[in-house]
Number of protein chains: 2
Amino acid sequence: MKKKITLKQIARELDVSISTVSKALRNSIEISEDTREKVQAFAKLYNYRPNNIALSLKNRKTKTIGVIIPEIVHHFFSKVIRGIEQVANKRGYNVIVGLSNESFDKEVINMQMLANGSIDGFILSISKETLLQQDYHHFKETISQGMPIVMFDRVVNEIECDKVIIDDLKGSKNAVSKLLSNGCKHVAIITTKDYVSVGKLRTQGYLEALEDYKMSPNSNLILKVDDELVSEDHLISLESEIEQLFLNNKKIDGVFAVNELYAIIGMKVARKRGLRIPDDIQFIGFTDGVLSKHATPSLTTVSQHGQEMGEKAAELLIEKLEHEDQEEQYQTVVIETELIERNSTK
Amino acid sequence: MKKKITLKQIARELDVSISTVSKALRNSIEISEDTREKVQAFAKLYNYRPNNIALSLKNRKTKTIGVIIPEIVHHFFSKVIRGIEQVANKRGYNVIVGLSNESFDKEVINMQMLANGSIDGFILSISKETLLQQDYHHFKETISQGMPIVMFDRVVNEIECDKVIIDDLKGSKNAVSKLLSNGCKHVAIITTKDYVSVGKLRTQGYLEALEDYKMSPNSNLILKVDDELVSEDHLISLESEIEQLFLNNKKIDGVFAVNELYAIIGMKVARKRGLRIPDDIQFIGFTDGVLSKHATPSLTTVSQHGQEMGEKAAELLIEKLEHEDQEEQYQTVVIETELIERNSTK
DNA sequence: TGTCAACACGAAAACGTTTTCGTAAAAACA
DNA sequence: TGTTTTTACGAAAACGTTTTCGTGTTGACA
């Protein structure tokens, strides 16, 4: 087992100073060609690589990006990570992930763990609990310490930083309009409670689409699911809530759901009730994941372009990191959504 | 913007030495209670946290685990990451991820990036390309430099290190036996080419199950899909290959697939041919992801317990990291698979 | 009053780099 | 030969910690 070799060891071995070795390796003209070659050959032989930690300490840069997301077993978030990873690596950065598990405390702890010099900046999406409690002091503190943050998807106005979002309102309005223009007369929405910002916006898009079509909203057609429990029981209660929705509104002929899962479960319930998709009832979901693609029938859905969001977020962050001198100016990038038409709509 | 504060600054401010501050913060009895309180109050006021990088350099430990996986937009791998993250965090470690994208080069580069002091050890699953080329020098080098590696799922005998795997053979044998005991007479398998070790083992399990039931294998019933292209075209060619399988074997009444996707596509093809699931034909997949749970009909599947694999891998690695003195001894942990019965089987 | 512990603190080294500055020796020049 | 300029290298500081060792001051005791 040959341990990692250091400058000091090379220096001792070759009977020169550490400075000389360092300079020789970086091809400084200060060092004679003779010595340079000797040192480089030796370094190559022993597979020398500069110690990253020492470099980080010296440069006060880690070349590492901290990513905090609420959940990783989730198609959208993993796509975002892939996007972040891709541009980060291309630009010489590493990515270190923390999961908040939708918990405020874990979000805070994770950020503290990373903020102490381990990373140069954050990319994150806010946990549901944080959104609910509306306690954003940890973000503010981090930013005030000079560490840049880029938020994506679940963002919040109170914090001033770069943001990457989609136009949730427009995306859902488009989707609902599609249902209406396809002839649906009784369009229901399955959404989340309002404290999830994206849920709220998507609900609003639904309402605006109805208005455009001169239809008045019917509160019976709006199902706001409590999204706090993500466990198995949740699935069951979700299903029965949706059943209730159908029971109360026999004429539903279109459903817009604010995520894949709600849509899939919705289709399941509809099928159980003997409705044919898309002939009797049409469905559109949000977030283009595996479920949408491989459901039967495949689900028409609003794609959020998660990977693109990740790429953009990483670009924004790195840009900020590498031009710290620039005056503070935050941008909010809006990624276009796209309606991917499949077989759950006509 | 108040920048992060250091020991030196506290020392200057309070007019004591750096050593005193350091000791006071760690509650050393060397320092008078007076001074201790003063320093601690000041530190708290300015929200002092020791710089991680400096600690890493000093301790020659980063308390960080490097994870290299082929792909993150993948239910199994994200479950594993979640498992790793969970135990790592609990034990005070961070997790830094690298994606190989199934490419040999990216795997090597990613490992080099991390191996230079950024992390204490690796948890990884080998990329397909590496498996194909059978070039494992980067693993060997890393290990010989004293950096421990734990491999999971896609492992290889040539490398001596801790491993966490499932009993692919047993898992698939069980699954196929289930089909046979359910009365299937013509069980097909949709698997990968043999260079993917898990694919090979699962195929072998299929064969052994047949043998147990005194049935002779029929090479027409074995479809080995070339898994190299994961793109959209792949999906299409996959589907037509499976159609061909059904066309050549009209009597197929059971299908075992080595992953979710193959099973889902298989069901789709079967349905197109007018077969009823599970009455006319039964399906079992491998890997318990979202697709299995929410497909119609829901898919009976062999669960790999990805999260548990991640947890175990992290435990093994941390154990090794924290008892480096121990004599080298590698273990291979086998995680039990579980057949989750749903509606695609009788 | 002189000696010795106990106490409270500081100096310095170490982790592995990079970089600035200083300098001896060699080369160039007058 | 005497002076200046290169050339080629080394010493040391810095990044932020922790820790070992040394030391001045105080109080107790004979």
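The chains referred to below are lettered A, B, ... by the order of the sequence lines, with proteins before strands, and numbering in each begins at 1.
Atom CD1 of I31(A) and atom C1' of dA25(C) are 15 Å apart (whole Å). R49(A) has its CZ atom 13 Å from the P atom of dT17(C), to the nearest Å. To the nearest angstrom, C1' of dA14(C) lies 15 Å from CG of L7(A). Summarising the geometry, the separation between CD1 on I29(A) and P on dC9(D) is reported as 13 Å, rounded to the nearest angstrom. Rounded to an integer number of Å, the gap from CG of L14(B) to P of dC9(C) is 11 Å. dT17(C) atom C1' lies 8 Å from atom CG of L57(B), rounded to whole Å. Rounding to whole angstrom units, CG of residue L25(B) and C1' of dT18(D) are separated by 12 Å. If you take CD of E30(B) and P of dG22(D), they are 13 Å apart, rounded to a whole angstrom.
Side-chain N/O atoms of K23(B) and base N/O atoms of dT20(D) include a donor-acceptor pair closer than 3.5 Å. The base of dA8(D) lies outside donor-acceptor range of the side chain of S32(A), with no N or O pair under 3.5 Å.
Checked by atom type and distance alone, the side chain of K163(A) pairs as donor or acceptor with a backbone atom of V156(A) at under 3.5 Å. Checked by atom type and distance alone, the side chain of T130(A) never pairs as donor or acceptor with a backbone atom of K128(A) at under 3.5 Å.
Mapping R60(B) and V21(B) onto DNA chain C by nearest heavy atom places V21(B) at the nucleotide closer to the 5' end.
Residue S19(A) is in base contact, counting any heavy-atom pair closer than 4.0 Å across all strands shown. Base engagement by S22(B) is indicated by at least one non-hydrogen atom pair under 4.0 Å involving a base atom. L55(B) comes within 4.0 angstrom of the backbone, heavy atoms only, and of no base. Among the atoms of the strands shown, none is found under 4.0 Å from any heavy atom of S56(A). Among the protein residues, R36(B) comes within range of no part of the nucleic acid, since none of its heavy atoms lies under 4.0 Å from any strand.
Closest to the side chain of S17(B), from the set dT17(C), dA11(C), dT18(D), is dA11(C). Closest approach to the T6(B) side chain among dG22(C), dT17(D), dT17(C) is made by dT17(D) (side chain taken as heavy atoms from C-beta onward).
Listed pair T35(A) / dC9(D) meets the phosphate criterion, a side-chain N or O lying under 4.0 Å from OP1 or OP2. The shortest distance between the side-chain N/O atoms of R26(A) and the OP1/OP2 oxygens of dT19(C) is below 4.0 Å.
Side chains of S100(B) and S103(B): no donor on one and acceptor on the other come within 3.5 Å.
In the displayed structure, K61(B) atom NZ is contacted under 6.0 Å by at most 12 heavy atoms of other residues, nucleotides or ligands.
Residue I119(B) holds its CD1 atom at 7.0 Å from OG1 of T62(B), rounded to the nearest 0.5 Å.
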